[in-house]
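Counting starts at 1 for both ligands and their atoms, in listed order.
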Amino acid sequence: MRRHKLALCQTHYLEWFPAQVERTIRKYHLLRPGERVLVAVSGGKDSLSLWDVLLRLGYQADGMTIDLGIDGGFGYSTRSRQKIERFLEERPGATLHVVDVAALYGETVPQVARRTLRGRNKPCALCGLIKRHEMNRIAAAYGYDVLATGHNLDDEAATLLSNVLQWHTGYLARQAPLLEEREGLARKVKPLCLTYEREAAAYALMRGIDYIYEECPYAEGSTTIFYKELLNRLEVNSPGAKLQFYLSFLRARSEGLFQEMAAQVELNSCPVCGQPTNVPTGPCAFCRLWTP
Ligand code: SF4
């Protein structure tokens with residue numbers, strides 16, 4: 001690991017990695033002892049590694065996954081779900097909540113996208129809306145204290161670069177390892193936010209975690225992937241650049257740089273599902289998806 005000037009054998013790496021995650025948890029006060037954690041898992045290396053690490057660290061961590069019904073010619077959603085179920089078989093104490101979008105709402109994500117977007121766009125914004133809604137719903141329904149996602153340093157640095165390039169000040173104000181609970185929205189934490197993507201991949205391989213290698217077919221050609229490639233080039237010439245970029249941003253943020261822009265949007269309760277929404281009147285954006 002060039003940024004740490006460190007080379008470890010498998011045994012020591014498997015001790016080092018969870019210790020790093022624990023340090024991030026303590027540094028940003030992400031989790032408290034005894035809390036019930038809901039880990040959002042996709043079947044990829046990051047979320048499964050996170051779930052595994054939290055269990056090894058002794059946290060009360062259950063998982064949830066959303067079957068989006070995406071095929072992409074190789075059964076993306078089905079294969080992802082199989083990987084997660086296999087992971088669970090090897091950890092009998094853990095619980096998994098499965099949300100099948102088609103079974104619950106009558107349409108897969110690509111089908112909703114075809115109906116509502118009429119092929120104009122990729123379904124990602126809509127998919128994100130559905131995922132956020134379902135994660136909040138499951139966290140509230142089962143009384144979890146906190147929702148943990150597997151966003152790693154590469155994800156966070158790419159999002160930061162995107163937000164900076166377009167000066168999305170509102171997004172910059174909200175980009176953080178921890179988002180506090182708010183009016184029915186679960187507290188959200190990112191314990192892998194200081195972990196490089198390749199470190200999470202190495203951990204998954206060494207732990208024998210069988211994860212899905214393929215990206216979602218809709219991720220192809222995305223600007224996030226392009227920004228990750230740019231940052232990787234920077235990292236080759238300047239090891240640690242990605243981490244420095246993200247940490248410097250968090251430092252500026254903690255010193256109040258984006259405070260004024262963090263003006264809280266007023267939330268109302270959706271009359272259909274009851275979840276908080278910034279829509280002033282009527283159903284939230286999620287419920288409107290299913291209203292003819
Ligand atoms: Fe959803 Fe887009 Fe991510 Fe695929 S790439 S899982 S469609 S947000």
Original post:
Under 6.0 Å from the six-membered ring centre of Phe87 and within 45° of its axis: does the NZ or CZ of Arg91 meet both?
Top reply: yes
Do Glu255 and Arg251 meet the salt-bridge criterion of a basic N to acidic O distance under 4.0 Å? no
### Glu235 with Arg198: basic N within carboxylate O range, under 4.0 Å
no
Tightest non-hydrogen contact, residues Tyr13 and Ala202, listed as OH-CB, 3.9 Å
Ignoring waters, protein N/O/S atoms under 2.8 Å from atom 1 (Fe) of ligand 1 are Cys127 SG
Open item on the list: With a 6.0 Å cut-off on the ring centroids, do Tyr105 and Phe286 count as close?
Closed with: yes
Subject >> Check: Val99 main-chain N/O paired with Glu134 side-chain donor or acceptor under 3.5 Å >> reply: no
